[in-house]
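Because the structure is predicted, anything quoted here is derived from the model rather than measured. As the structure lists them, so they are numbered: ligands from 1, and atoms in each ligand from 1.
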Amino acid sequence: MLQNDLLLRTLRGETTERTPVWMMRQAGRYLPDYMKLKEKYSFFERCQTPELAAEITLQPVNQVGVDAAIIFSDILVVPQAMGMEVQMIEGKGPLLPEPVKQFADINKLIVPDVEDKLGYVFDALRLTKSELNGRVPLIGFAGAPWTLLCYMVQGKGSKTFDEAKIFCYTQPEAAHHLLQKITDTTIAYLKGQVKAGVDVIQIFDSWGGLLSPDDFENISLKYIRQIVQALKDEVLTIIFAKGAWHSLQSMAATGAHGLGIDWCITPKLARQMAGDTITLQGNFDPAKLLTPIPELKKEVRKMLSAFGGHHHIANLGHGILPNVPVDHARAFVDTVKEYGGKLIS
Ligand code: CP3
């Protein structure tokens, strides 16, 4: 039994005593204790060593007081497990030195035995689960197939991912072949995470908003839908497709329990589009965590009030920025907790 299951009850559609809160990318660079481990171990060493991954996962639970842990890992462990080389370059981000260019490159990729290639994530989840000792739920995750294709084709980060888009538009057969291979791997990977004890899974489609509504359906949501359908009866599921607010209605129709939204849509419009029952997650602009604490608190209360106090998970509209002072992250979390207290008194 969990001591704090606010997140799970909210995702099941129950009305809770207060709104649960966590932050995307909460385990990471704004935490001094994370930076200490970063000095000693490379990024993938941190991901692949269950003791380190578990320790990093617990840091924001212990130090910031969030209502959920999210496993420390990365969406790019999936392309790695499929046979691609992935490097994480300090100060620059991911680099895949041999990106996918044509059909033949996709045939070289494997749909791996996830126990064999990603067993270290399952070990990290089991260890984290035992160290959490029921304090808060554990969230597992994977990248959406389209967002993974972006990195696998572009070979590095980008603001526009033109090469990935051009690949999809000029070699659609190859693109769909790749998307299906990623989807098959992801379903097996997430089922493994469920077996290892995660309570919730989130699908990160960070680049969903780069596509037109039609392309989003055809290139991204079609595959996310397969993943949700394979998982939703086993585990609570959240889709976060940044910038793809136009498709909230079709995302809700997948049967996912929660939908993440960013700050570019109002909670009111998101609710109209997604329907009355699904849980919405978000949508604080991460840059506002850099404002003075009294202002930050005022903005958080404004957000909470706009969501109306139920069917809502408080979160950022995208990942936390590395330069956020820890006491500002804590102020975000505390404001949500205090506001909830007011609702029931
Ligand atoms: O949420 C968490 O705290 C769990 C850990 C987590 C990381 N990456 C750790 C990480 C999660 C959920 C991710 C997801 C991820 N990774 C996404 C989707 C979410 C999003 O932000 O859009 C994406 C697109 C990636 C790919 C990725 N990983 C990039 C582009 C980068 C470099 C830029 C950046 O954000 O730092 C990474 C590296 C990475 N992944 C770091 C961390 C803590 C920073 C590198 C380091 O600390 O050494």
Side-chain angles (χ1 to χ4, degrees), residues 21-49 52-64 66 68-80 84 86-96 121 124-125 128 136-152 154-159 161 164 186 189-190 193 198 200-210 220 224 238-244 260-262 281-282 286 313 315-324 329:
V21 56
W22 68 282
M23 292 177 295
M24 287 192 279
R25 308 289 293 269
Q26 67 189 15
R29 298 157 298 173
Y30 69 104
L31 288 172
D33 286 343
Y34 175 81
M35 295 311 283
K36 278 186 215 148
L37 290 177
K38 194 175 154 135
E39 278 165 29
K40 282 207 235 154
Y41 307 97
S42 75
F43 182 72
F44 286 113
E45 265 173 339
R46 275 170 272 147
C47 291
Q48 287 164 6
T49 314
L52 293 175
E55 183 180 342
I56 296 168
T57 303
L58 290 178
Q59 284 172 359
V61 177
N62 295 333
Q63 297 173 22
V64 188
V66 284
I70 176 163
I71 190 67
F72 179 77
S73 184
D74 199 86
I75 61 168
L76 298 176
V77 301
V78 165
Q80 219 169 31
M84 289 188 81
V86 183
Q87 303 168 6
M88 198 56 78
I89 313 284
E90 182 55 38
K92 274 200 158 164
L95 178 72
L96 294 80
V121 179
L125 286 167
T128 306
V136 292
L138 179 57
I139 305 171
F141 70 88
W146 154 247
T147 286
L148 290 181
L149 178 147
C150 282
Y151 291 98
M152 292 166 88
Q154 194 90 17
K156 55 184 188 312
S158 162
K159 287 198 167 66
F161 284 99
T186 302
Y189 177 44
L190 289 173
Q193 293 191 25
V198 302
V200 175
I201 55 135
Q202 175 158 313
I203 298 165
F204 283 91
D205 198 4
S206 307
W207 303 111
L210 295 179
S220 185
I224 293 176
I238 303 171
I239 305 172
F240 170 65
K242 188 172 181 303
I261 57 170
D262 64 42
Q281 174 174 280
I313 299 161
N315 204 318
L316 309 174
H318 201 185
I320 189 167
L321 299 166
N323 52 346
V324 171

Considering only heavy atoms, which of Gly28, Ser206, Gly143 lies nearest to atom 22 (O) of ligand 1?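 Nearest heavy atom to atom 22 (O) of ligand 1 lies in Ser206.
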Minimum distance, heavy atoms only, to atom 39 (C) of ligand 1: which one of Lys242, Met24, Met23, Arg25 is it?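 Heavy atom nearest to atom 39 (C) of ligand 1 belongs to Arg25.
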Sub-4.0 Å atoms of ligand 1 with respect to non-hydrogen atoms of [X]:
X	answer
Met88	28 (N), 37 (C), 38 (C)
His318	20 (C), 21 (O), 22 (O)
Gly93	32 (C)
Phe72	9 (C), 43 (C)

Does an N or O from Tyr151, backbone or side chain, lie closer than 3.5 Å to an N or O of ligand 1?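 No - when backbone and side-chain N and O of Tyr151 are compared with those of ligand 1, no distance drops under 3.5 Å.
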Within the structure, does Gly319 bring an N/O atom to less than 3.5 angstrom of an N/O atom in ligand 1?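 Looking only at distances, the answer is no, because the N/O contact criterion of under 3.5 Å is not met.
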Closest heavy-atom pair and its distance - Ile75, Thr147: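 Closest approach of Ile75 to Thr147: CD1-CG2, 3.8 Å.
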Minimum heavy-atom separation for Met24 and Gly317, please, with both atom names.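 Closest heavy-atom pair between Met24 and Gly317: CE-C, 3.7 Å.
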Could you give me the CA-CA distance, side-chain angles and deciding distance for Gln63 and Asp33, then say whether side-chain contact (heavy atoms from CB on, under 4.5 Å) is met? CA-CA 10 Å; Gln63 297 173 22; Asp33 286 343; 2.8 Å; yes
Which of parallel (below 30°), tilted (30 to 60°) and perpendicular (above 60°) describes Trp207 and Phe161?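 Rings of Trp207 and Phe161: tilted, 30 to 60°.
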With a 4.0 Å cut-off on heavy atoms, is [X] in contact with ligand 1?
X	answer
Arg46	yes
Gly157	no
Tyr34	yes
Glu90	no

In the structure I gave you, are the side-chain heavy atoms of [X] and [Y] within less than 4.5 Å of one another anywhere?
X	Y	value
Ile70	Gln202	no
Val86	Leu95	no
Val64	Leu31	yes

Backbone, side chain, both or neither: what part of [X] comes under 4.0 angstrom of ligand 1, heavy atoms only?
X	answer
Ile71	backbone
Ser73	backbone
Lys38	side chain
Arg29	side chain

N/O donor-acceptor pair under 3.5 Å between Ser220 side chain and Trp146 backbone: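 Flag not set: sc Ser220 to bb Trp146 has no pair under 3.5 Å.
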Give a yes or no answer on whether the side chain of Gln193 reaches the backbone of Val121 with a donor-acceptor pair at less than 3.5 Å.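 Not a single qualifying donor-acceptor pair exists.
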Just do the side-chain contact (heavy atoms from CB on, under 4.5 Å) check on Tyr34 and Arg46 with the steps written out, would you? CA-CA 10 Å; Tyr34 175 81; Arg46 275 170 272 147; 2.3 Å; yes
To which protein heavy atom is [atom] closest, and what is the distance rounded to 0.1 Å?
atom	value
atom 23 (C) of ligand 1	Ile75 CD1, 3.4 Å
atom 3 (O) of ligand 1	Ala27 N, 2.8 Å
atom 31 (C) of ligand 1	Pro94 CD, 3.8 Å
atom 28 (N) of ligand 1	Asp74 OD1, 2.7 Å

Can you tell me if Lys156 has over 12 outside heavy atoms packed within less than 6.0 Å of its NZ?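 Counting other residues, nucleotides and ligands, NZ of Lys156 stays at 12 neighbours or fewer.
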Please report whether atom 9 (C) of ligand 1 has a protein non-hydrogen atom at a separation of less than 4.0 Å.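 There is a protein heavy atom less than 4.0 Å from atom 9 (C) of ligand 1.
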Quick one: list whatever passes ring pair (Phe, Tyr, Trp, His ring centres under 6.0 Å) with Phe204, sequence neighbours left out.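 Ring pair (Phe, Tyr, Trp, His ring centres under 6.0 Å) check on Phe204 returns Phe141.
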For Tyr41, check ring pair (Phe, Tyr, Trp, His ring centres under 6.0 Å) against everything at least two apart and list the hits.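 Scan of Tyr41 (ring pair (Phe, Tyr, Trp, His ring centres under 6.0 Å), adjacent residues dropped) gives none.
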